[in-house]
Amino acid sequence: MAATADGHAPRARPTLERPRKAGFGDFSTNAALLLAPVLGEPPRDVAARLGDALSDRLGDALERVEVAGPGFLNLFLSDAWHRGALGGVVAAGARFGAGGAAVPERISVEFVSANPTGPLHVGHARNAAYGDALCRILSFHGHAIEREFYVNDFGSQVLRLGESLQARARGEEVPEDGYRGEYVAELAAEIEGAAQRPVEEVARAGAAAVLTRIAATLEAFGVGFDLWFSERTLHEGGDALVRRAYDELERQGRTYRSEGALWLRTSQLGDDKDRVLERSSGEHTYFASDVAYHQHKRERGFDRLLDVWGADHHGYVARMKAAFAALGGDPERLELLIMQFVNLTGGASMSKRAGDFVTLDDLVGEVGVDAARWFLLARSHDTTVEFDLDLAREQEPQNPVYYVQYAHARIASLLRAAQDAEREVALARPDRGAPLEAAERELIKKVLAFPGEVEEAAARRAPHRIAAYALELAQQFSAFYRDCPVLKAESADLRAQRLAVSAATQGIIARALDLLGVRAPASM
RNA sequence: GCCCCCGUAGCUCAGCUGGAUAGAGCGGCGGCCUUCUAAGCCGCGGGUCGCAGGUUCGAGUCCUGCCGGGGGCGCCA
């Protein structure tokens, strides 16, 4: 791009984009708008010349060009180009849109990480759905992903669980700051000798039992982990990881002693103030565990670390980043993704201590895995989700997820109706040279947008983009289904071509739903 | 007081690196099933993009300041 007359670089960059409105062509460029002041000519004249040049260059891939508005140049691609592109999609098969990452990375994604002191609730459900979908998207995009669940099985919370369990087992009142849910009584009955054994043992057994339940809940929700990392292991053994992290920090000159406690100089690295690692009592803080845990992650050699946290942890971001830098890490490679809250209405409180809250299991029981995941994933992670349980329960069939699944099922029905041989023939040669109806061309365009959507969703850590795209694709298929007979097309070629378009669409709907962890049924 | 997120249609939310008449779902009103699944389709109505400035040829989008909502600021986890 040439500099402007006054020698400064132009502020805006020339773009080649796919306009939202169909009337503005398949591609649109603002190049003429930016060139005009440099050339000293009217933007529309520049656009016209640019259009002529492109027409010569692109040949029959281009149907026509249009100068529009203040000087945009809109390019309309031909049917031949669209059919050729469709052929590419069909040929790519299940790999269409996959592996687009320019620099594949080995990434650790830590999510959920709920305390093993009670059942998962709706907030955890959002974290689980988001983290899982993010892993699926990043993996599909070409990254190597490891999924981790950090188990806080060491601190005072677990001890309180033990006290609560013991109280229940003895038929006593649960302590003021204890856990009161019904599950506590259930667990107390399950754990042998809960009334007599040392409270630490009861706590440990209780946490293990809760964790087993959590894992089962997550599995039913379609969420799995490669590693369940125990906080306790950070503190065990002579060469405890916590000690090693302290040593490393000391070597880097980042720690000091004051008032009997060991402090980390996080304020030198962007935090508001320094933080305590080891209390004057000799106990480690929760922060110390996290520092050691992240040091352990560093030692495992990831290119990037992602932590999915609840909104109540956002005050923790600065110190964690600072600690990561203090350990010698690049804070840019530690991403702390904050999930905003799920505001539950029409149901019970989400307070964990209240003992009466809507669990992930309850949620799934009410609306099913697919609707629950869709609902939690369809919104950006940094906006609060309004989840009306009554509405979700009553309006299940109106949920957009069913619309998308329905489109998939319809295509499956179409393909079933076609003979196997015909389907294969259609997919072997999708381009039959038949002219494209408007709805057909729009559907192909939507299909072709998929890799870009994956790229966007991966780069922005934004699964909700996939949900939005899936809905749009399903809508575009509905228009195609309405306007373009497939099985009843006038000619065999047209029938084959439309079968290919349908099959390609089906594959992408299935893939998009899979990236969200939602099923793609063959019939509904 | 400081920090983070949000403020777009009656409700719930999209809106990608600033671009051309601001979109969807739900809800409302009115139509469409001897025709590839009506869990569907079509049409209508509905918005000073919180407010005020600023940058720009161009701002829902970027900057500043207010207002409103949510959350967080512990030698708790």
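So you know, we letter chains A, B, ... as the sequences are listed, proteins then strands, and number each from 1. The structure displayed is predicted, hence computed values, not measured ones.
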*Would you please indicate yes or no on a ring centroid separation below 6.0 angstrom for A/Phe477 and A/His408?*
no
*Whole-Å distance between B/rA39 P and A/Ile411 CD1?*
16 Å
*Can you tell me, in whole Å, how much space there is between the P of B/rG72 and that of B/rC11?*
26 Å
*Polar contact flag, side-chain donor to acceptor under 3.5 angstrom, A/Ser380-A/Asp382*: yes
*With sequence neighbours left out, write down each residue that passes salt bridge (charged side-chain N to carboxylate O under 4.0 Å, His left out) with A/Glu283, or none if nothing qualifies.*
A/Arg279
*What does A/Asn74 touch in the nucleic acid at a heavy-atom separation under 4.0 angstrom: a base, only the sugar-phosphate, or nothing?*
base
*Out of A/Phe287, A/Phe149, A/Tyr150, which residue meets the ring-ring contact (aromatic ring centres under 6.0 Å, His included) rule with A/Tyr293?*
A/Tyr150
*What nucleotide among B/rA39, B/rC36, B/rU12 has an atom nearest to a side-chain atom of A/Arg379?*
B/rU12
*What distance, rounded to whole Å, do you find between the two P atoms, one in B/rG40 and one in B/rC26?*
7 Å
*asked:* Between A/Arg495 and A/Glu490, does any NZ, NE, NH1 or NH2 come within less than 4.0 Å of an OD or OE carboxylate oxygen?
replied: no
_Does this structure show an ion pair linking A/Glu163 with A/Arg160, if we count only N-O contacts that are shorter than 4.0 Å?_
no
*Considering only atom P, compute the distance from B/rU61 to B/rG15 and round it to an integer number of Å.*
14 Å
_Between P on B/rC11 and CG on A/Asn343, what's the gap in Å once rounded to a whole number?_
15 Å
*Is a salt bridge present between A/Lys297 and A/Asp307, judged by a nitrogen-to-oxygen distance below 4.0 Å?*
yes
*Give a yes or no answer on whether the side chain of A/His284 reaches the backbone of A/Leu277 with a donor-acceptor pair at less than 3.5 Å.*
no
_Whole angstroms only, please: what is the CG-P distance between A/Asp483 and B/rC32?_
20 Å
*Could you tell me the separation between the CZ atom of A/Phe477 and the C1' atom of B/rA38, rounded to a whole number of Å?*
15 Å
_Whole angstrom value for the distance that separates P of B/rC4 from CG of A/Leu337_ = 17 Å
*How far does the C1' atom of B/rU56 sit from the matching atom of B/rG60, given to the nearest Å?*
16 Å
*Mapping A/Pro521 and A/Leu73 onto RNA chain B by nearest heavy atom, which one lands closer to the 5' end?*
A/Leu73
*asked:* What does the B/S/- profile of nucleotides 70-77 of chain B look like, 5' to 3', with a 4.0 Å heavy-atom cutoff to protein?
replied: -BS-SBSB
*Under 3.5 Å, is there an N or O donor on one side and an acceptor on the other linking the side chain of A/Ser380 and the base of B/rA14?*
no
*Distance (rounded to the nearest 0.5 Å) between A/Tyr403 OH and A/Trp374 CH2*: 11.0 Å
*Sugar-phosphate only, base, or nothing, as touched by A/Leu471 at under 4.0 Å among non-hydrogen atoms*: sugar-phosphate
Below 3.5 Å is the cut-off: list the nitrogen or oxygen pairs between protein and nucleotides 40-47 of chain B, distance only.
residue, atom, partner, partner atom, Å
B/rG40, O2', A/Arg410, NH1, 3.2
B/rG40, O2', A/Arg410, NH2, 3.0
B/rC41, OP1, A/Tyr403, OH, 2.6
B/rC41, O3', A/Arg482, NH1, 3.0
B/rC42, OP1, A/Arg482, NH1, 2.7

_Whole-Å distance separating the CD atom of A/Glu386 from the P atom of B/rA14_ = 12 Å
*Stems involving RNA chain B: give each as a range paired with a range, ordered by first number, where a stem means at least three consecutive Watson-Crick or G-U wobble pairs under 3.5 Å.*
B:1-7 with B:67-73, B:10-13 with B:23-26, B:28-32 with B:40-44, B:50-54 with B:62-66
_Can you tell whether the side chains of A/Arg460 and A/Glu456 come within less than 4.0 Å, N to carboxylate O?_
yes
*In whole angstrom, give me the gap between the C1' atoms of B/rA9 and B/rC67.*
22 Å
_Atom C1', compared across B/rC29 and B/rG50: separation rounded to whole Å_ = 30 Å
*NA contact type, A/Pro400, heavy-atom cut-off 4.0 Å: base, sugar-phosphate, or nothing?*
sugar-phosphate
*Ion pair A/Arg243/A/Glu250, N-O distance below 4.0 Å*: no
*Taking salt bridge (charged side-chain N to carboxylate O under 4.0 Å, His left out) as the test, write out the residues that go with A/Arg416, two or more places apart.*
none
*When you measure from the side chain of A/Ser502 to the backbone N and O of A/Arg498, does any donor-acceptor pair fall under 3.5 Å?*
yes
*Close aromatic pair by centroid cut-off 6.0 Å: A/Tyr469 and A/Phe450*: yes
*Rounded to whole angstroms, how far apart are CG on A/Asn399 and P on B/rC13?*
14 Å
*Integer angstrom distance from the C1' of B/rG71 to that of B/rC32*: 48 Å
_Does this structure show an ion pair linking A/Asp274 with A/Arg265, if we count only N-O contacts that are shorter than 4.0 Å?_
no
*How should the glycosidic conformation of B/rC33 be described, syn or anti, under the criterion that syn lies within 90° of 0?*
syn
_Within residues 447-464 of chain A: residues closer than 4.0 Å to RNA chain B (heavy atoms)_ = A/Glu456, A/Arg460, A/His464
*Check every strand shown and say whether A/Ser413 touches a base, only sugar-phosphate, or nothing at a heavy-atom separation below 4.0 Å.*
base
*Separation of the P atoms in B/rC4 and B/rC62, to the nearest angstrom*: 15 Å
*Under 4.0 angstrom, heavy atoms only, what part of the nucleic acid is A/Ser289 near: base, sugar-phosphate, or nothing?*
nothing
*Once you round it to whole Å, what is the distance between P of B/rC26 and CZ of A/Phe375?*
12 Å
*So A/Phe324 and A/His294, would you call those rings parallel, tilted or perpendicular, with 30° and 60° as cut-offs?*
perpendicular
